[in-house]
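Worth knowing before you read on, the calculation uses all heavy atoms, side chains too, and leaves out hydrogens, waters and symmetry mates. Just so we're on the same page: letters track the sequence lines, and every chain starts at 1.
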Protein chains: 2
Amino acid sequence: MFMHISFLVLLCSHFAAALWPIPRTLQTGNTLLKLASDFDLKLNLDGPPQDLVDAVARAKSQLQNDKLQLLVPDRGESNRNGLTTAKSLASLTLSLKTDAPALRPIATEATDDLHARDESYSLFVPSDGSQAALFANSSLGLLRGLTTFGQLWYDLDGTTYTTVAPVTISHDLPAYPYRGVMLDTSRNFFPVSDIKRALDAMSWVKMSTFHWHITDSQSWPLGIAEFPELAQKGAYSSEETFTPDDIQSIVTFAAQRGIDVVMEIDNPGHTASVGSSHPEHVACFEGTGRTVGEPPAGQLRLASDATLNFTLGVLTAVASKLPSKFFHTGGDEVNVPCYDQDQQTQQELHSSGRTLEQAIGHWVDATHDKLRSIGKTPVVWEEMVLEHNITLKNDTVALVWISSQHAASIAAKNVRIVHAPADYFYLDCGGGGWLGGDLGNSWCDPFKSWQKAYTFDPLANISAQQHSLILGGQQLLWTEQSGPENLDPMLWPRAASSAEVFWTGPTLPDGTDRVAGIAGNNHTAKTNVLARMHDLRARLEKRGIRPINIQPKWCQLRPDKCTNQL
Amino acid sequence: MFMHISFLVLLCSHFAAALWPIPRTLQTGNTLLKLASDFDLKLNLDGPPQDLVDAVARAKSQLQNDKLQLLVPDRGESNRNGLTTAKSLASLTLSLKTDAPALRPIATEATDDLHARDESYSLFVPSDGSQAALFANSSLGLLRGLTTFGQLWYDLDGTTYTTVAPVTISHDLPAYPYRGVMLDTSRNFFPVSDIKRALDAMSWVKMSTFHWHITDSQSWPLGIAEFPELAQKGAYSSEETFTPDDIQSIVTFAAQRGIDVVMEIDNPGHTASVGSSHPEHVACFEGTGRTVGEPPAGQLRLASDATLNFTLGVLTAVASKLPSKFFHTGGDEVNVPCYDQDQQTQQELHSSGRTLEQAIGHWVDATHDKLRSIGKTPVVWEEMVLEHNITLKNDTVALVWISSQHAASIAAKNVRIVHAPADYFYLDCGGGGWLGGDLGNSWCDPFKSWQKAYTFDPLANISAQQHSLILGGQQLLWTEQSGPENLDPMLWPRAASSAEVFWTGPTLPDGTDRVAGIAGNNHTAKTNVLARMHDLRARLEKRGIRPINIQPKWCQLRPDKCTNQL
């Protein structure tokens, strides 16, 4: 009977080999291996960049401090005897692959153009006590490999061990370069410390992009040295402002963790907050009725030369100080009734001889070309491609948001795509209608569970010739009903779903089809994904994040008993 | 123009007179009044009980530390000049009403039988600088009045003031005595500190009852001196156990804040965790398939005399140490296939000559009579009334949970009712299906917003003759997908909705119909409720709770611009 129980526990601990996102190639054994008490991370590199040295120090600290017990009923107790005689791992050595280019800082590589990033790595953790090795072509690849290594280890009364040695990852690299999270810091504000905590967690699942929706109609927390009045009058308060130093601090923090910050100044819509300091640039400021999508109303006077020049100045001042090659200009939900009712806009359209659609095109061309002139690639919401009569230049990147079904139409226009569809990836859905007296559901009900997001297929309805247009995707948190109080529970562990969708791609390393594995009839596949998600969640919690439980703890310890295939 | 803005601000500040739950009688003025720098709370009482003295000290601390600014665009700045000349309030004196009975501790009054509690109070805050006065018949009434007083005050650079003096509450008392929150601490565990923080916040909205669903199939965190094995083997871990001292600490903490802890040991279903220490008492332990509602399976062998005696022992050991006059025996979701498949139960039914339904009746009579013998009134879930062929004694209290529509059927059986319906009050709904591979919605979708809960009508389909059967109601958090990480965001501010539903009753003090006010076409009524909810949320946050935002901050400062009546 004891052997029987022990065998079950081993089965459980096996699928608790909980890497997330799971590498695209992975071989594991079932040998116990512990970290030596003087285990060290060694850099076999000439003059390693400081941010890589810092990343190694953080990884070492996590190895010592995670103290995560195995998520099995006995929390790993059955390994106690085996660990007394298990081999010890003395070190992991980080090296460059043969013919790798000269190392640059992680921050430089993470903010380079998408195609110029090399996140690949190879990792070997032998079970015989010989040293482990991590190889990559870049500091960014070494960071990704370190992140994988850090997810292998569990604690039993101070012994740090894995149950799945030897581990061989012959070549892991992401299926897509853009793997992100979007946060709206305008509707409700988030302190720098909250954003950095989110960035840390994003890096632990190898995300590459933080889409910072920093401004919107509700507030303008973006401090700009050249335009101080925008935040002074448009932020909720001076405390609810990101100073230029705050922004540099966040951008640097992110880049050092392998994350490119793609900032968005949404325009010409979603800009009522500009009116607090520059009412001359805002149409239907504080309007009501048909001019309001959600309160408050107000958008930039897109037919005004003065407003365009002002906007170009703001975009340049902000974008020129950011390392990213991308800048997001928004372009969603341009409210036509607002412009129809604005006398000044109507006069300016008349004198320019442009229709409103032509004026939108002129505005977008001007803002995008200005960004290109300072080395930025413009990013837009899908309406700029699908709803307006604009010919975007073919470097532009479009975010699909209204429906996942729209990706195919964008691909048909040969525009590059980042998947951000509300029907899979909007983390805010399902909180109920939020206007006072609104008793209905949220517009994008239901809640997007981690499982729903996990089933996303980036290539649905995309032809083979169009595959290269797909850059990746992201989950998004709009903050009508969120703030610092629930940031972690809203993001985690759900946001990790897309991290695996876009890193691992369509096929798990054991050959399972990712989507069919969770959505089909394969109990083992479902159990494995569930177990890994529980494990990730538990590790996030150990590292100071406050993720929601996705199941009762009874199930966290027995995922095989808690699928819908029983 | 300045006068115009100032007038608008005054309008805003008026509806920010943000008492929650709003008293049933309330007259306010529009005079500024500030607290004197040496403002004091005075007890005009002979030998006040220590827990009232402590409550006064907490109230004083909140007056000093809330530091809540008015939720208007200028955060109260327009009051700066007026405050320099405003009158100062030197004290609030707490007194007993003429003919009040002798004071007992709050804790004694809060745990007395429902009809024996007197929560009424009267409060007078003059605008002329003369002292304020609070009168009640009990320490519990004084606590409720103190709570109201504490919601009147705002901060402007260290000046604590109200904009709505004079305040006259001639007689406030709850419409219903039972106003509660239920928390499930079995599916996922909550530390004592989290529960106490929830109790504190509950007391700030005058809630009277904490329904503690302490055990369930997933874990048995309930430490019992006489049955230590139940938690030793049934809890998730020794750290995830409520010791007898923890329980006394929580129950005392609650009672001192006017909250009766009604503990539930759900039985005979929802008891798989008993099987960890007593497999002999559990049918279909760890069963699968039709025996499982949600994993794990297992429920007490209700036809077994040994199991019944064991259960009577457990119930007595636990209930006898609790001050509440109520004890909840559960009774929901008895799984018939589990008993059908359990050989022992079938044999015991056969030898006793009882059908399963008769055995359920015998079980319930025995457990309830045992509780009555130690002075407890039994509380059950609705199935005990509606789905089984049991004649409950007429002291029993039933919780409606499956649908609000079921209340009328229970009332028709002359059984007392606590409203806890999933379609209004389940705080966990809307999180998505949670079994591994479940891509669907939660069973009780959608999310129950604060607004939905606020529209609940306790007397819907209840005849006038049956009104006295309605004891009140509660919101509930089942914790398949919750834990300490998201407790505050799941509870607050949503749980405050029912606090007003069951305190204030059908009519707000300005004569507005409560439900029509939020659900109808009255913009002012919607604005007023929304503004008060924002204010409560902000005050909860100032006191260390992490409530979700229910709107962007822009709307929190301008609720009149953020209803669905624009």
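Neither the backbone nor the side chain of B/Ser219 comes within contact range of chain A, judged by heavy atoms closer than 4.5 Å. Contacts of B/Asp445 with chain A are made by side-chain atoms alone, with heavy-atom separations under 4.5 Å and no backbone atom involved. For B/Ile518, the parts sitting under 4.5 Å from any heavy atom of chain A are the backbone and the side chain alike. Using a 4.5 Å cut-off between heavy atoms, B/Thr455 touches chain A through its side chain atoms alone. Proximity to chain A is absent for every atom of B/Arg290, based on heavy atoms less than 4.5 angstrom apart.
What you find for B/Pro446 and A/Asn441 is that their closest heavy atoms are CG-OD1, 3.2 Å. Taking each heavy atom of A/Asn188 and B/Gln556 in turn, the nearest pair found is OD1-NE2, 3.8 Å. Between A/Gln451 and B/Asp438, the shortest heavy-atom distance links the atoms NE2-O, 2.9 Å. Here the closest non-hydrogen pair linking A/Tyr236 and B/Trp554 is OH-N, 3.0 Å. Of all heavy-atom pairs spanning A/Ser449 and B/Gly431, the tightest one is CB-O, 4.5 Å. Nearest approach of A/Ala519 to B/Leu439, heavy atoms of both residues: CB-CD1, 3.7 Å.
Put simply, of A/Cys555, A/Pro547, A/Gly432, the one with the most heavy-atom pairs under 4.5 Å next to chain B is A/Pro547. Between chain B and the options A/Lys448, A/Gln481, A/Lys452, A/Arg75, the largest number of non-hydrogen pairs under 4.5 Å is found for A/Gln481. Contact count against chain B (heavy-atom pairs under 4.5 Å) is highest for A/Pro296 among A/Gly440, A/Gly430, A/Pro296, A/Gly517. The residue among A/Trp434, A/Tyr454, A/Trp450 with the most heavy atom pairs within less than 4.5 Å of chain B is A/Trp434. Among the candidates A/Ala525, A/Gly483, A/Ser482, A/Gly520, the residue making the largest number of heavy-atom pairs closer than 4.5 Å to chain B is A/Ser482. In terms of heavy-atom pairs under 4.5 Å with chain A, the best-connected choice from B/Gln551, B/Glu240, B/Arg187 is B/Gln551.
With sequence neighbours excluded, no residue forms a salt bridge (charged side-chain N to carboxylate O under 4.0 Å, His left out) with A/Asp428.
Between B/Glu294 and A/Lys561 there is no salt bridge, since no side-chain N of the basic residue sits under 4.0 Å from a carboxylate O of the acidic one. Salt-bridge formation is not detected for the pair B/Lys553/A/Glu480: no Lys NZ or Arg NE/NH1/NH2 atom is positioned less than 4.0 Å from an Asp or Glu carboxylate oxygen.
Identified by a heavy-atom distance below 4.5 Å to chain B, the contributing residues of residues 488-495 of chain A are A/Pro489, in residue-number order.
Here the side chains of A/Ile548 and B/Asn486 are in contact, with some heavy-atom distance below 4.5 Å. B/Glu485 places a side-chain heavy atom less than 4.5 Å from the side chain of A/Arg537.
The SG atom of A/Cys562 lies 8.0 Å from the CD atom of B/Gln218; values are rounded to the nearest 0.5 Å.
At least one donor-acceptor pair under 3.5 Å links the side chain of B/Arg546 to the backbone N or O of A/Pro484.
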